[in-house]
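As the structure is a prediction and not an experimental result, all values here were calculated from the model. When a ligand or atom number is given, it counts from 1 through the structure's own listing order.
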Amino acid sequence: MLKKQDPIIYDAIQKELERQQNTIELIPSENYVSPAVLEALGSILTNKYAEGYPSNRYYGGTANVDIVEQTAIDRAKKLFNAEHANVQPLSGAQANIAAYFALLKQGETILGMDLSHGGHLTHGHPVTKIAKIFNFIRYKTLPTGEIDYAQLRKMALEHKPRLILVGFSAYSRSINYKKIKEIADKVNAYTMADIAHIAGLIAAGVLENPVPLFDAVTSTTHKTLRGPRGGVILCKKQFAAQIDKSVFPGLQGGPHEHNIAAKAVAFREALQPEFKQYAEQILKNAKALENVLKQNGFTIAFGTTENHLLLIDLRNPPAGPLRRSFSEASEAGKNISGLEAQTALEDVNIVCNKNMIPDDPRQPLDPSGIRLGTPAMTTRGFKEQEFILVGKMISDCLTSPKDPQVKQQILEQVKNLTKKFPLPY
Ligand SMILES: *Cc1c(COP(=O)(O)O)cnc(C)c1O
């Protein structure tokens, strides 16, 4: 139908499907949803208005969407062992903003993680509007890669924040939630974890779950959790009414029930035993990728990975011929930049993103690192063996970014691998 009625959009979708089929996807925040999730997302539920919450709506005709939303809520609670869940946030950013407004008054202080040390824009980066409403201050990581808990404690005691926030989009180490909670209790601050990146790993039980310990936990549903694009908030019962009011009517209008249906389907999938195997494989694959890259002389920011992602610090290219070709690759006569690395990899159909490294001396649009993750290709069936090949291809590509023969060889390998592990669409 779409093909005939709107060929521009149809063709763009077809081309995007081809692109997804034919590339190795290493952006750690991306994944491939199941056909069942896609079916729910594309359903007629998009036609329905349902402002309010199940059994308490401002519209008639909501019996069916009530089932949908209540099922999503029940599954989210079960998945994360949560006392309360709100499945309406349209995305991760909205979930965070809603949580801040639920817990804090305008002008109050939030202590969160520095963006260049792995934090997220929505954690108070000066370019965001939310940074004008709350007073964000930031802790950092140590050169060894751990969060600087001593600095965090010192800042908490000095500034008495109302909220201590943990969570990241480019940090590869574990978080000591207990330690954060102890510090927060000392200064009478709320605790919030933004688990957008690692929600699937937490749901599967392969990473520690902050939900039973923290006051509020926000997440996206489309990263490791492998659901539709959206957000979710989990919290203690005592904050349930505040959180719900903050999402609707505080910030949003009618909930996207087609999207909530797709979230429910994804939550059910994440409750199955196979999802635990998936999450375990994500971690094994990240380790395999780390090992190859280290063997080839690359520097991993934060020292190592304990989750699904790796940040490569390109300031320190491997010694020998690699160092020389990095220099050749850069116009500034220095090492290859994150943007140059991202572009060189995209030329061989390996997709990743440039990223800031801690206290990056370069600019955000051309930073010193690239970020790699294993969730998407693990969904397609990649195991350690395939990720060892991926690591070698990345190494070869960045070592000889201008060698047409190397480029041809990698393109051929990517073609074979993506053909062998197709998408189910
Ligand atoms: C991705 C992400 C978000 C934002 O999610 P959107 O759905 O893009 O709004 C928020 N916090 C963290 C830590 C993230 O990684």
Open item on the list: I need the atoms of ligand 1 closer than 4.0 Å to a non-hydrogen atom of H222, numbered in the order shown.
Closed with: 7 (O)
- [ ] Indicate the ring-plane relationship of Y49 and Y59, choosing parallel, tilted or perpendicular according to the 30° and 60° boundaries.
- [x] parallel
- [ ] Would you mind running through ligand 1 and noting each atom that sits below 4.0 Å from a heavy atom of H197?
- [x] 15 (O)
Open item on the list: Using modelled atom types and a 3.5 Å cut-off, is there a donor and acceptor pairing between side-chain atoms of T304 and backbone atoms of I300?
Closed with: no
TODO: Would you indicate which of S91, S219, G230 comes nearest to atom 7 (O) of ligand 1 when only heavy atoms are counted?
DONE: S91
Open item on the list: Considering non-hydrogen atoms of the protein only, which is the closest contact for atom 4 (C) of ligand 1, and what is the distance?
Closed with: H120 CE1, 3.5 Å
- [ ] Return yes if some donor-acceptor pair links the side-chain N/O of T378 with the main-chain N/O of T374 below 3.5 Å, else return no.
- [x] yes
Task: ligand 1 contacted by Q94 (non-hydrogen, < 4.0 Å) - done: no
Open item on the list: Can you tell me which portion of N96 lies within the under-4.0 Å heavy-atom range of ligand 1? Options are side chain, backbone, both, or neither.
Closed with: side chain
TODO: Under 4.0 Å, heavy atoms only, figure out whether ligand 1 is touched by the backbone of R229, its side chain, both or neither.
DONE: neither
Task: Test item: Q88 side-chain N/O and V247 main-chain N/O as donor-acceptor pair under 3.5 Å - done: no
TODO: Quick one: look at A93 and ligand 1, take heavy-atom pairs under 4.0 Å, and tell me if it's side chain, backbone, both or neither.
DONE: both
Open item on the list: Using a 3.5 Å cut-off on N or O atoms only, is K223 in polar contact with ligand 1?
Closed with: yes
Open item on the list: Under 4.0 Å from a heavy atom of G92: which atoms of ligand 1 are those, numbered in the order shown and with their elements?
Closed with: 4 (C), 5 (O), 6 (P), 7 (O), 9 (O)
Open item on the list: Taking 4.0 angstrom as the limit and counting only heavy atoms of T122, give me the atoms of ligand 1 inside it, by number and element.
Closed with: 10 (C), 11 (N)
- [ ] Please identify which atoms of ligand 1 are closer than 4.0 Å to at least one heavy atom of A196.
- [x] 2 (C), 11 (N), 12 (C), 13 (C), 14 (C), 15 (O)
TODO: Would you check if L423 and R380 make a side-chain contact, meaning some heavy-atom pair closer than 4.5 Å?
DONE: yes
- [ ] Return the minimal non-hydrogen interatomic distance between H84 and D244, and the atom names on each side.
- [x] NE2-OD1, 2.9 Å
- [ ] Run the salt-bridge test on K392 and D396 with the 4.0 Å N-O cut-off and return the result as yes or no.
- [x] no
Task: Any N or O of D194 closer than 3.5 Å to N or O of ligand 1 - done: yes
- [ ] For Y32, enumerate each residue passing the ring-ring contact (aromatic ring centres under 6.0 Å, His included) test, keeping only those at least two apart in sequence or located in another chain.
- [x] none
TODO: Tell me, please, whether Y278 has R226 positioned over its six-membered ring: NZ or CZ under 6.0 Å from the ring centre and within 45 degrees of its axis?
DONE: yes
